[in-house]
Amino acid sequence: MKNKQTFVATLKIKTDEGDFLARYSPAGLARLDFPEAASRKSGVGSKGLATPVRRWHELTTRAVRLALQGRPMAAKPPVDLSHGTAFQRKVWAALLAIPSGQTKTYARLAASLKKPKAARAVGGACGANPVPLLIPCHRVVAAHGGLGGFSGGLHWKRKLLGREQARRQ
DNA sequence: CCACACTATTTAA
DNA sequence: TTAAATAGTGTGG
């Protein structure tokens, strides 16, 4: 898949960890970047958008802040996954089903998709996840206790998991 | 074609 | 026993 996406807005999300960057397509939140990546790409503005973007952004902001605290997100904005392939969307849907404070291995996730040997492909799909935090790709770990990788920087993965597991029941 | 955010298996020491 | 090579997978360069 190589479709480009058009964004109707690019907005900052201020948090204690820095300013995240949220990009919206007409269908919803299409991409979320960590502060480090966001600073490279300099934010744009929203202007007087009459679209639902304003409301989406409120939801996104709240969800991101909760995620950074390792708390379950009360509500999420609609997420535009049109960029993803069928396989990737299945992976992302499976990610959404992982409760806060729990982790799953790439292998188990692959197995739940009826493709027990596609663990590596699952890793690829996780890396292609356009919306980290809201789609909890950080809750997927390697089979033998390793953390695996993380597109936005492994330190985020460690931080998020640490906070979530500190709250785990 | 190759390289991966993988991993179970196999093969060698 | 432990260590290294390998196959199987979907996607993107």
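Only heavy atoms go into these numbers, but all of them, side chains included; no hydrogens, no water, no symmetry mates. A, B, ... follow the sequence lines: proteins, then strands. Residue 1 opens every chain. Small disclaimer: the values here were computed from a predicted structure and weren't measured.
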| Any Leu113(A) side-chain heavy atom under 4.5 Å of Phe87(A) side chain | yes
Taking atom [atom2] of [N] as reference, at what distance in whole Å does atom [atom1] of [X] sit?
X	N	atom1	atom2	result
Leu161(A)	dA5(B)	CG	P	18 Å
Arg139(A)	dA5(B)	CZ	C1'	17 Å
Leu147(A)	dC6(B)	CG	C1'	14 Å
Asn129(A)	dG12(C)	CG	P	13 Å
Phe87(A)	dT11(C)	CZ	C1'	9 Å
Leu95(A)	dA5(B)	CG	C1'	12 Å
Leu113(A)	dT11(C)	CG	P	11 Å

| task | For Gly127(A), answer base if it contacts any base atom (sugar-phosphate contacts may also be present), sugar-phosphate if it contacts only those atoms, and nothing otherwise; contact means non-hydrogen atoms under 4.0 Å. | result | base
[atom1] atoms of [N] and [M], separation to the nearest Å:
N	M	atom1	result
dA3(B)	dA5(C)	P	15 Å
dA7(C)	dC1(B)	P	14 Å
dT6(C)	dC2(B)	C1'	16 Å
dA8(B)	dT11(C)	C1'	22 Å

| request: Would you check if the side chain of Trp92(A) reaches a backbone N or O of Leu81(A) as a donor-acceptor pair within less than 3.5 Å? | output: no
| task | Grab the two heavy atoms, one from Lys159(A) and one from Glu17(A), that are nearest each other, plus how far apart they are. | result | NZ-OE1, 3.1 Å
| message | Is Ser151(A) close enough to dA5(B) that one of its side-chain N or O atoms is under 4.0 Å from OP1 or OP2 there? | response | no
| query | Without hydrogens or angle criteria, can the side chains of Gln88(A) and Asn129(A) be said to hold a donor-acceptor pair below 3.5 Å? | reply | no
| Is there a donor-acceptor contact under 3.5 Å linking the side chains of Thr60(A) and Tyr24(A)? | yes
| task | May I ask you to say whether Arg65(A) pairs ionically with Asp16(A), meaning some side-chain N is under 4.0 Å from a carboxylate O? | result | no
| Between Lys157(A) and Glu164(A), is there a salt bridge with N-O shorter than 4.0 Å? | no
| field | Watson-Crick/G-U partner (both atom distances under 3.5 Å) of dA5(B) | value | none
| Identified pairing partner of dT9(C), criterion: Watson-Crick or G-U wobble below 3.5 Å | none
| note | So, with a heavy-atom separation below 4.0 Å from DNA chain B, the residues of residues 115-122 of chain A are Ala119(A), Arg120(A)
| query | For the side chain of Phe150(A), counting heavy atoms from C-beta on, which of dG12(C), dA5(B), dT7(B) is nearest? | reply | dA5(B)
| message | The side chain of Gln88(A) is closest to which nucleotide in this list: dT11(C), dA8(B), dA5(B)? | response | dT11(C)
